[in-house]
Peer 1: 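Can you read through this structure? Questions will come right after.
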Amino acid sequence: MIRKIHLALKTANIRNAGTNSKAVLIIGQENWDLIQHTFQDAEELQEGKSHFLTLDVAERNLQLEYNYVRLGIRGADAWLPEFAFVWVEKEPQYEGDPVIQPLALKTYASETLSVTEKEGFLSIPLSRAYYGGFYNKIQFFLIIIKTGDSKYAGTQSPVWLTIRTKKQVVVNVPIHGADATRYGGTYIGNFGVEPFSYADLQSIELGIDGEDAWMPEQVMIFGYEQQYAEQKSMMPVVYIPDWKGMGLPQMSTDPKEGSTLVKLYQAYL
């Protein structure tokens, strides 16, 4: 059974890409819409801004059986989404089953959405995403970080990720942007790397360079392989839906305020 459906969104960073209209998520099986949800409580979808939205469906007894995922709009104010990723948290049927299941991924701005036919499409299909295996290649990393919404959770200090492989490849990822680490802000990063096997991933660290303390709320990192034009195999590498609840510290270079580095992933084999 599906407990939660998550949608990470980013509006294209070009003029007039943003909208006052609301995003709509549609998940269907054959000719029947299982989910058709309008995110009424979402912030305005402004150009260049990222959002992390969640739909609780624990009481709806939904099975993970679907044929299509679509992203739509509820309103005439046109919108150009650049990025959309949909995944679910589910009740595992058997011990050891994955709790996270990717559903769909869109990684480039191509179609404008609007209920007005001359302005754009009412909805667009998203490419299918599947749960990958340990020996899938990682060609891309997808990073989703949400800062806590308490008054002092945000920071002006630089924040970054360091990804290392067993073959001594090091990838440094700055978490940049004015809204990325403000309180309640969301960062979405999607970037390619020299392909390597998931089995070669060594470690991932989250760091901060400054005394202005920062408190993330959620940190999620997926590695994925583009197998076909319309299909991705995705592996959740780091999945922290509740940073504070998992006992992780506030971050700062001041030892009285928190930790400078937090290891998010470590391979011991």
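The figures here come from the full heavy-atom set of this structure, side chains too, leaving out hydrogens, waters and symmetry mates. Just so it is clear, the model here is predicted, and its values are computed rather than measured.
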Peer 1: Distance check, rounded to the nearest 0.5 Å: Leu142 atom CG versus Phe83 atom CZ?
Peer 2: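 If we round to the nearest 0.5 Å, Leu142:CG and Phe83:CZ are 4.0 Å apart.
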Peer 1: Looking only at non-hydrogen atoms, find the nearest pair between Leu201 and Lys166 and report the distance.
Peer 2: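 Nearest pair, atom of Leu201 first, then Lys166: O-CE, 3.9 Å.
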Peer 1: Just wondering, do Val24 and Phe39 contact through their side chains at under 4.5 Å, heavy atoms?
Peer 2: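 No; the side chains remain at least 4.5 Å from each other.
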Peer 1: Compare every heavy atom of Leu113 with every heavy atom of Pro81, then report the nearest pair and how far apart it is.
Peer 2: CG-CD1, 4.1 Å
Peer 1: Please check if atom OH in Tyr239 has more than 12 non-hydrogen atoms from other residues, nucleotides or ligands closer than 6.0 Å.
Peer 2: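 Yes.
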Peer 1: Hey, does Tyr187 have a side-chain heavy atom less than 4.5 Å from the side chain of Ile144?
Peer 2: no
Peer 1: Do the side chains of Gln266 and Gln202 get nearer than 4.5 Å, heavy atoms only?
Peer 2: yes
Peer 1: Provide the full list of ring pair (Phe, Tyr, Trp, His ring centres under 6.0 Å) pairs with a residue in residues 4-23, sequence neighbours left out, each pair given once.
Peer 2: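 The answer is His6-Phe52, His6-Trp87.
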Peer 1: Would a distance-only check, ignoring hydrogens and angles, find a side-chain to backbone donor-acceptor pair under 3.5 Å from Thr155 to Asp212?
Peer 2: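 Yes, the answer is positive, given that a donor and an acceptor are paired below the 3.5 Å cut-off.
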Peer 1: Ignoring hydrogens and angles, state whether a donor on the side chain of Lys256 or Ser252 is under 3.5 Å from an acceptor on the partner side chain.
Peer 2: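 Their side chains do not contain a donor-acceptor pair, so the 3.5 Å distance test is not met.
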Peer 1: Hey, could you give me the CG/CD1 distance between Leu161 and Ile204, rounded to the nearest 0.5 Å?
Peer 2: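 Taking CG in Leu161 and CD1 in Ile204, the distance rounds to 7.0 Å.
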Peer 1: Under 3.5 Å, is there a donor on one side chain and an acceptor on the other for Asp77 and Ser21?
Peer 2: no
Peer 1: Distance under 6.0 Å and angle within 45° of the ring axis: does Lys263 meet both against Tyr265?
Peer 2: no
Peer 1: So, the side chain of Glu47 versus the backbone of Asn16: is there a donor-acceptor pair under 3.5 Å, distance only?
Peer 2: yes
Peer 1: Can you check whether His51's main-chain N or O pairs, donor with acceptor, with Thr186's side chain at less than 3.5 Å?
Peer 2: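 No, because the side chain of Thr186 does not come within donor-acceptor range (under 3.5 Å) of the backbone of His51.
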Peer 1: Okay, side chain of Gln250, backbone of Glu257: is any donor-acceptor separation there less than 3.5 Å?
Peer 2: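 A pair under 3.5 Å: yes.
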Peer 1: So, the side chain of Lys106 versus the backbone of Tyr108: is there a donor-acceptor pair under 3.5 Å, distance only?
Peer 2: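 Here the side-chain-to-backbone pair exists.
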Peer 1: Is there a side-chain contact between Arg3 and Val99 (heavy atoms, below 4.5 Å)?
Peer 2: yes
Peer 1: Main chain of Pro249, side chain of Trp243: is a donor-acceptor contact present, judged purely on distance under 3.5 Å?
Peer 2: yes
Peer 1: So, Ser197 side chain and Ala199 main chain: donor-acceptor pair closer than 3.5 Å or not?
Peer 2: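 At least one qualifying donor-acceptor pair exists.
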Peer 1: Please determine whether ring-ring contact (aromatic ring centres under 6.0 Å, His included) holds for the pair Phe222 and Phe140, giving the CA-CA distance in whole Å, both sets of side-chain angles, and the decisive distance to 0.1 Å.
Peer 2: CA-CA 8 Å; Phe222 293 79; Phe140 301 88; over 10 Å; no
Peer 1: Please determine if Arg128 forms a cation-pi arrangement with Tyr68, meaning its NZ or CZ atom is less than 6.0 Å from the six-membered ring centre and no more than 45° off the ring axis.
Peer 2: no
Peer 1: State whether a side-chain donor-acceptor pair under 3.5 Å links Glu30 with Asn67.
Peer 2: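 Asn67 and Glu30 do not have a side-chain donor-acceptor pair below 3.5 Å.
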Peer 1: Is the shortest side-chain heavy-atom distance between Ile35 and Val57 below 4.5 Å?
Peer 2: yes
Peer 1: At their closest point, which heavy atom of Ala84 faces which heavy atom of Leu126, and how far apart are they?
Peer 2: CB-CD1, 4.2 Å
Peer 1: May I ask you to test the Glu205-Arg164 pair for a side-chain heavy-atom distance under 4.5 Å?
Peer 2: yes
Peer 1: Can you tell me if OH on Tyr183 sees more than 12 non-hydrogen neighbours from other groups inside 6.0 Å?
Peer 2: no
Peer 1: Using the rule side chain to side chain contact (heavy atoms under 4.5 Å, CB included), only one of Tyr130, Tyr131, Tyr224 pairs with Pro102; which is it?
Peer 2: Tyr131
Peer 1: Quick check against the 3.5 Å criterion: does Glu91 have a side-chain atom that pairs as donor or acceptor with the backbone of Met1?
Peer 2: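 No, the answer is negative, given that no donor and acceptor are paired below the 3.5 Å cut-off.
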Peer 1: Measure the shortest side-chain to side-chain distance between Thr147 and Met215 over non-hydrogen atoms and say whether it is less than 4.5 angstrom.
Peer 2: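 No; the side chains remain at least 4.5 Å from each other.
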Peer 1: When you measure from the side chain of Thr112 to the backbone of Trp79, do you find a donor-acceptor pair of N or O atoms at a distance under 3.5 Å?
Peer 2: no
Peer 1: Please tell me if the side chains of Leu7 and Ile5 come closer than 4.5 Å, counting only heavy atoms from C-beta onward.
Peer 2: no
